[in-house]
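Input: a single structure, listed below in C-alpha cells.
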Amino acid sequence: MAIDWYMDFVDLGFTPSTDNLVCLYYFEAEEGISAEEAVGRIASESSTGTWTTLATLPPRMKDLQAKAFAIDGNFVKIAYPLGLWEEGNAVQLLSGIAGNIFGMKALKNLRLIDVSLPAAYLQHFKGPHFGMDGIRRMMDIHDRPLLGAVPKPKIGFSAEEHAQVGFETWMGGFDFVKDDENLTSTPFNRFEDRAAALAKLREKAEQITGEKKSAFLNITADVETMKRRAELLADSGWNYAMIDVVVAGTASVMTMRDYCSDLGLAIHAHRAMHAAFDRNPYHGISMQFLAKIMRMIGVTQIHTGTAVGKLVGTKKEVTILADVLREQKTRAAEHLLLDQDWGRIKSAFPVSSGGLHPGLVPDVLDIYGIDLVLLVSGGVHGHPKGTRAGARATVQAIEAWQEGMSLDEKAKKAPELQQALEKWGYYRPK
Ligand code: CAP
Ligand code: MG
C-alpha cells in the first residue's frame with residue numbers, strides 16, 4: 001500500500017486556467033529524491049496535502065490540489081486553484097505558498113521567486129490608495145524624482161534637533177524628511193514631539209520656499225499604537241506615515257492600509273529584515289515577491305535598493321522590482337518573472353536608498369528614470385558644508401542628469417556639487 005501521494009500533485013501536461021494563481025520556485029532536491037517527487041512535495045504541502053495517504057477525502061479535494069505543471073532544471077511552476085484562497089487575506093496566501101515548504105527535509109533549498117495573481121484573486125484587494133500619479137499631484141512634483149533624506153545619525157537626536165536637520169534638508173530643495181527604521185519613539189525623541197516639531201518647521205519651510213514639504217514619520221509599533229500615531233499625523237497636517245512592513249507583519253500592514261487610507265495618509269514602506277529571507281539566491285523569498293504582495297495590499301512606496309550603494313541588490317533585480325511596482329502589466333522573463341496584469345490596482349513608487357551621495361545619482365537615475373523616491377542621507381548630512389549644501393548638491397546632480405551633462409561639467413557652476421565630488425567622487429560604499 002502506498003505511504004505517500006506526492007505524485008498526485010504533479011501533472012506535467014496541465015495548463016493552468018485563467019483564475020489559477022501560479023508560483024515560480026527554484027528548488028534543489030535532497031539526494032535520493034527525484035525532481036518530480038520534490039516538486040510534488042512542494043505542491044502538496046503548500047496546498048492540501050500531508051505526508052501520507054488518507055483514509056477519507058471529501059469530494060472537492062481533486063479541485064483544490066495544487067499542480068506542479070512545468071519543470072525546467074531547478075525551476076518549477078505550480079498552479080493553485082482559486083478556491084484554496086480566502087478572499088482578500090494576504091496572510092493566508094503566505095501561509096500556503098510561502099509557509100512550511102521552506103523547511104521540508106526533502107529539499108536542500110527552495111526559493112519562492114514570483115507569483116502570478118489572477119484578476120479573480122486581485123479583485124478582493126484595494127492596492128495603493130494614491131498611485132504614483134496621485135502622489136505627484138499631492139506633492140505637485142511632476143518632472144523629477146521625489147527626494148528625501150533621513151537625519152543621520154540614525155537615532156540619537158532629540159525631537160527639536162531632528163526637526164532642525166529636517167528643516168535644513170527641506171531648505172536645500174528636498175521634499176521629504178524620513179525617519180530611520182529604528183527610530184520610533186524613544187525617551188529622548190518622542191514620536192509626538194517629533195511630529196509636532198517637524199510640523200512647525202514644515203510650515204516655515206513651505207512659506208519660505210513656496211514648495212510642498214512632507215515627511216515619512218515612522219509609526220511602527222503594535223497596531224493600536226500605529227493607529228493612534230496615524231491619527232496624530234493626519235491631525236497635524238501630514239500626508240504620509242511610514243511603517244517597517246516586514247517586522248510589523250503582513251496583517252498589520254493590511255489593517256493600516258485601510259486605516260491610513262481613511263485618514264488620507266500614503267504609506268512609506270521600509271523593508272528592514274528583508275535580507276534575512278531574500279539575500280540567499282537559492283533559498284527563501286525574493287524581494288520582488290515581497291514588493292508584489294505589498295503593492296497588492298496597498299503601500300504607496302517600498303524600498304527596492306540602489307544597485308550601486310551600500311546594500312546588496314543587483315541592477316537586474318532593481319529593474320525587475322521597479323517594473324513589478326510601477327507597471328500595469330509585466331511580461332514573463334525566464335526563471336525571473338511571471339506574467340502579471342494589475343488591472344485597476346494602482347502603481348507604487350520604488351524607493352532607492354542606502355549609501356548614496358551626489359556622485360552616484362546619475363547611476364541610480366540611469367536604472368530607475370524619474371519615477372522614483374530617491375533617498376540620499378549620509379550623502380547629504382556628510383557634505384563638507386552641511387545638510388543644506390548636501391541637499392543642494394544632490395538636486396544639482398539630478399539637474400545635470402536631466403540636462404544630459406556630466407557631473408564634473410555641472411560642478412563648474414555648482415559649488416555644492418563641486419564640494420561633494422571633492423569628498424566622495426564616484427565612490428561606491430560597502
Ligand atoms: C539609508 C538608510 C536605509 C537603507 C535601507 C540606512 O541611509 O536609511 O535604511 O537605505 O536599505 O539607514 O541605511 P544612507 P534599503 O543613505 O545614509 O545609507 O533601502 O536597501 O532597504
Ligand atoms: Mg535607515
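Just follow the structure's listing: the first ligand is 1, and inside any ligand the first atom is 1. Worth knowing before you read on, the calculation uses all heavy atoms, side chains too, and leaves out hydrogens, waters and symmetry mates.
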**Message:** Does this structure show an ion pair linking K329 with D339, if we count only N-O contacts that are shorter than 4.0 Å?
**Reply:**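 Looking at K329 and D339, the cut-off is not met.
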**Asked** Leaving waters out, which protein N, O or S atoms fall under 2.8 Å from the Mg ion (ligand 2)?
**Response**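 Near the Mg ion (ligand 2), below 2.8 Å, one finds D180 OD1, E181 OE1.
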Looking only at the side chains, is there a donor atom on one of [X] and [Y] sitting less than 3.5 Å from an acceptor on the other?
X    : Y    : result
E86  : N89  : yes
H335 : D72  : yes
D408 : S406 : no

**Prompt:** Considering the options R326, R136, R144, which one meets the salt bridge (Lys or Arg N to Asp or Glu O under 4.0 Å) requirement together with D371?
**Reply:**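 The residue from R326, R136, R144 that satisfies salt bridge (Lys or Arg N to Asp or Glu O under 4.0 Å) with D371 turns out to be R136.
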**Request:** May I ask you to decide if the ring planes of Y282 and Y26 are parallel, tilted or perpendicular, using 30° and 60° as cut-offs?
**Result:**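 Because their plane-to-plane angle lies in the 30° to 60° range, the rings of Y282 and Y26 count as tilted.
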Atom pairs and distances, donor-acceptor, side-chain atoms in residues 311-319, under 3.5 Å, two or more places apart:
from, atom 1, to, atom 2, distance (Å)
T314, OG1, E317, N, 3.1
T319, OG1, K315, O, 2.7

**Message:** Could you check whether K178 makes a cation-pi contact with F216, meaning its NZ or CZ is under 6.0 Å from the centre of the six-membered ring and within 45° of the ring axis?
**Reply:**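 Verdict for F216: no cation-pi partner in K178.
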Below 3.5 Å only, please: the N or O atoms of ligand 1 paired with protein N or O atoms, distance on each line.
from, atom 1, to, atom 2, distance (Å)
ligand 1, 7 (O), K152, NZ, 3.1
ligand 1, 8 (O), K152, NZ, 3.2
ligand 1, 8 (O), D180, OD1, 3.3
ligand 1, 9 (O), E181, OE1, 2.9
ligand 1, 9 (O), H270, NE2, 2.8
ligand 1, 10 (O), S353, O, 3.3
ligand 1, 10 (O), S353, OG, 2.7
ligand 1, 10 (O), G354, N, 3.1
ligand 1, 12 (O), K152, NZ, 2.7
ligand 1, 12 (O), K154, NZ, 2.9
ligand 1, 12 (O), D180, OD1, 3.2
ligand 1, 13 (O), K310, NZ, 2.4
ligand 1, 16 (O), S377, N, 3.4
ligand 1, 17 (O), G378, N, 2.9
ligand 1, 18 (O), K310, NZ, 3.0
ligand 1, 18 (O), G355, N, 2.6
ligand 1, 19 (O), H303, ND1, 2.6
ligand 1, 19 (O), S353, O, 3.4
ligand 1, 20 (O), R271, NH2, 2.6
ligand 1, 21 (O), R271, NE, 2.7

**Set of side-chain hydrogen bond (donor to acceptor under 3.5 Å, both in side chains) partners for H357, sequence neighbours left out** =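 Once residues adjacent in sequence are excluded, H357 has no partner under the side-chain hydrogen bond (donor to acceptor under 3.5 Å, both in side chains) criterion.
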